[in-house]
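Side chains included, hydrogens not; waters and symmetry mates left out as well; all remaining heavy atoms used. Residue numbers begin at 1 in each chain, while the letters A, B, ... track the order of the sequences.
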2 protein chains.
Amino acid sequence: MEYQEAKDKFISTWGSLGTLWGINKAMAQIQALLFISTKALSMEDIMEELQISRGNTSMNLRQLMDWGIVTKELIPGERKEFFTTEKDVQELARIIAKERSRREIQPVVKVLKEVSSIKDDGTEKTKELIKQTKALHELTETADAMINKLVNQQQNWITKSLMKLIK
Amino acid sequence: MEYQEAKDKFISTWGSLGTLWGINKAMAQIQALLFISTKALSMEDIMEELQISRGNTSMNLRQLMDWGIVTKELIPGERKEFFTTEKDVQELARIIAKERSRREIQPVVKVLKEVSSIKDDGTEKTKELIKQTKALHELTETADAMINKLVNQQQNWITKSLMKLIK
DNA sequence: ATAAACTTTCAATAATTATTGAAAGTTTAA
DNA sequence: TTAAACTTTCAATAATTATTGAAAGTTTAT
């Protein structure tokens with residue numbers, strides 16, 4: 001497999017995986033492109049490479065910046081804006097886990113807590129609703145906490161290794 | 001909050017969370033409905049409760065059965081088929097994690113492995129592609145393995161507690 | 001074998017989501 | 001201040017995905 005084929009394959013695969021972390025195809029592809037690029041890219045570059053419109057590129061870059069995954073980079077002497085993505089996979093995982101938790105998991109946890117706290121009127125169906133949503137609430141909260149802890153621990157482990165290397 | 005309101009809230013919230021575990025709204029809502037139901041439900045019951053068509057109900061029930069989350073239950077003397085979902089949240093988590101891994105994560109891991117294994121032609125861009133996809137490959141594989149281990153460990157922990165309780 | 005009771009399938013349609021492109025907005029240089 | 005170079009916005013449109021409903025299929029009882 002040659003460079004170009006490998007590159008295209010990576011970008012399209014990563015793009016379709018976007019749903020897994022709750023973002024759309026174009027957004028994931030832009031991130032993928034930046035992730036394997038050796039230098040910061042302009043909007044023009046991205047449009048050209050991915051064959052998408054200016055508007056689409058602009059909106060998706062914005063979203064990636066909102067997530068904190070992509071940053072603008074100003075190149076001296078250049079009028080255009082250039083973009084780069086977080087290159088460290090551990091840090092990337094940390095950001096994604098945190099954002100997904102905040103955007104999607106926390107709101108659900110809140111509803112599960114509310115629903116599982118309704119007053120028990122003694123009927124079987126109410127008891128079942130409370131029991132099941134309570135179990136789901138606990139599981140969701142635990143799983144979310146664990147994942148966040150996990151990605152942060154990895155982070156710490158990496159940081160420690162780096163520290164050792166540096167000093 | 002009364003029973004009906006709590007129930008509706010749970011079903012619609014769980015439905016919209018469907019995307020998080022890679023299934024569509026109707027599928028998630030059917031599962032949610034069965035999850036808090038005190039008895040097995042017929043297709044008629046589900047259509048009525050969720051206000052969805054027969055075809056939609058049939059197709060989504062099938063998918064839920066493919067996932068291994070819902071099972072048919074034959075009630076003696078009844079011509080209709082009745083459906084129940086896995087009621088244990090831990091087991092549910094285990095099934096979902098396993099299926100998602102098989103359906104979505106493994107294919108991506110495979111591509112990442114392929115792409116990161118292309119021959120290094122010495123150019124900077126090829127080196128970067130190899131380096132970054134290799135890092136992503138390792139991370140994805142590790143994260144996937146960890147999550148599966150995690151849900152299985154929880155499972156074991158629960159199983160052990162139950163065993164103690166029983167004997 | 002027939003018909004009633006039920007489920008599945010799938011082409012048509014609806015709903016949702018993503019994308020475009022051009023006008024409006026912004027920044028910089030002269 | 002003007003104009004060129006660039007980015008953002010957003011209504012229109014395209015693409016994708018979900019849903020319907022009725023015909024075809026299946027199972028069971030007589």
Side-chain angles (χ1 to χ4, degrees), chain A residues 11-34 40-67 70-85 103-104, chain B residues 11-34 40-67 70-85 103-104:
Chain A
I11 290 173
S12 78
T13 304
W14 202 241
S16 67
L17 192 69
T19 55
L20 203 81
W21 40 295
I23 68 170
N24 72 33
K25 204 182 73 179
M27 211 174 139
Q29 290 190 344
I30 293 172
Q31 199 276 328
L33 177 63
L34 293 174
L41 300 181
S42 69
M43 221 156 85
E44 216 67 50
D45 295 335
I46 296 168
M47 288 166 61
E48 165 73 17
E49 285 267 11
L50 302 179
Q51 291 292 302
I52 57 177
S53 72
R54 187 173 297 282
N56 200 2
T57 308
S58 170
M59 285 175 123
N60 283 298
L61 275 172
R62 158 104 87 111
Q63 283 205 76
L64 284 164
M65 288 188 283
D66 285 349
W67 273 69
V70 162
T71 44
K72 266 185 197 165
E73 193 164 284
L74 291 175
I75 294 187
E78 284 276 13
R79 191 81 167 259
K80 286 184 219 162
E81 293 173 328
F82 288 79
F83 301 90
T84 42
T85 190
R103 291 165 193 249
E104 301 187 71
Chain B
I11 290 173
S12 79
T13 304
W14 202 242
S16 68
L17 191 69
T19 53
L20 202 80
W21 40 294
I23 69 173
N24 73 32
K25 202 182 73 179
M27 211 174 139
Q29 289 190 344
I30 293 172
Q31 199 276 327
L33 177 63
L34 294 173
L41 301 180
S42 70
M43 223 157 84
E44 215 68 49
D45 294 335
I46 296 167
M47 287 166 60
E48 165 73 16
E49 285 266 12
L50 302 179
Q51 291 293 301
I52 57 177
S53 72
R54 189 173 296 281
N56 200 1
T57 308
S58 171
M59 284 174 124
N60 283 297
L61 275 172
R62 158 103 87 111
Q63 283 204 77
L64 284 164
M65 289 187 281
D66 285 350
W67 272 70
V70 162
T71 44
K72 265 186 197 164
E73 193 164 284
L74 291 174
I75 294 188
E78 284 275 14
R79 192 82 167 257
K80 285 183 215 159
E81 293 173 329
F82 288 79
F83 301 90
T84 42
T85 189
R103 291 166 192 249
E104 301 187 71

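The side-chain hydrogen bond (donor to acceptor under 3.5 Å, both in side chains) search around B:R54 returns B:E44, not counting sequence neighbours. Listed by chain and residue number, A:D66 satisfy the side chain to side chain contact (heavy atoms under 4.5 Å, CB included) test with A:R62 (two or more places apart in sequence, or in another chain). Remark: A:T13 pairs with no residue by the side-chain hydrogen bond (donor to acceptor under 3.5 Å, both in side chains) rule, at least two apart or across chains. When the side-chain hydrogen bond (donor to acceptor under 3.5 Å, both in side chains) test is applied to A:T57, no partner is found at least two apart in sequence or on another chain. Looking at residues two or more places apart in sequence or on another chain, you find a side-chain hydrogen bond (donor to acceptor under 3.5 Å, both in side chains) between A:E104 and A:R100.
The CG atom of A:L20 sits 13.0 Å away from the CZ atom of B:R103 when rounded to the nearest 0.5 Å. In this structure, CG in B:L34 is found 10.0 Å from CD in B:E49, a value given to the nearest 0.5 Å.
Within residues 40-49 of chain A, no residue has any heavy atom under 4.0 Å from DNA chain C. Contact check of residues 50-59 of chain A against DNA chain D (heavy atom, cut-off under 4.0 Å) returns A:R54, A:G55, A:S58, A:M59.
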| task | Go through the steps to decide whether B:I11 and B:L50 satisfy the test side-chain contact (heavy atoms from CB on, under 4.5 Å), and finish with yes or no. | result | CA-CA 9 Å; B:I11 290 173; B:L50 302 179; 3.9 Å; yes
Quiz: residues 71-82 of chain A side-chain donor-acceptor pairs under 3.5 angstrom, not counting sequence neighbours:
from  : atom 1 : to    : atom 2 : distance (Å)
A:T71 : OG1    : A:T84 : OG1    : 3.4
A:K72 : NZ     : A:E81 : OE2    : 3.0

Pairs under 3.5 angstrom only: tabulate donor-acceptor contacts from the side chains of residues 21-30 of chain B to other protein residues two or more places apart or in another chain.
from  : atom 1 : to    : atom 2 : distance (Å)
B:N24 : OD1    : B:A26 : N      : 3.2
B:N24 : OD1    : B:M27 : N      : 2.9
B:N24 : ND2    : B:N60 : OD1    : 3.4

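Extent of DNA chain C lying under 4.0 Å from chain A heavy atoms, first and last nucleotide in 5' to 3' order, is C:dA18 to C:dT28.
Of all non-hydrogen atoms in B:S42 and B:D45, the two that sit nearest each other are N-OD2, 2.9 Å. Considering every non-hydrogen atom in both B:F83 and B:M43, the closest pair reads CE1-N, 4.3 Å.
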| remark: Each base of DNA chain C marked ( ) or [ ] if paired in-strand (Watson-Crick or G-U under 3.5 Å), | if paired to another strand and . if unpaired gives ||||||||||||||||||||||||||||||
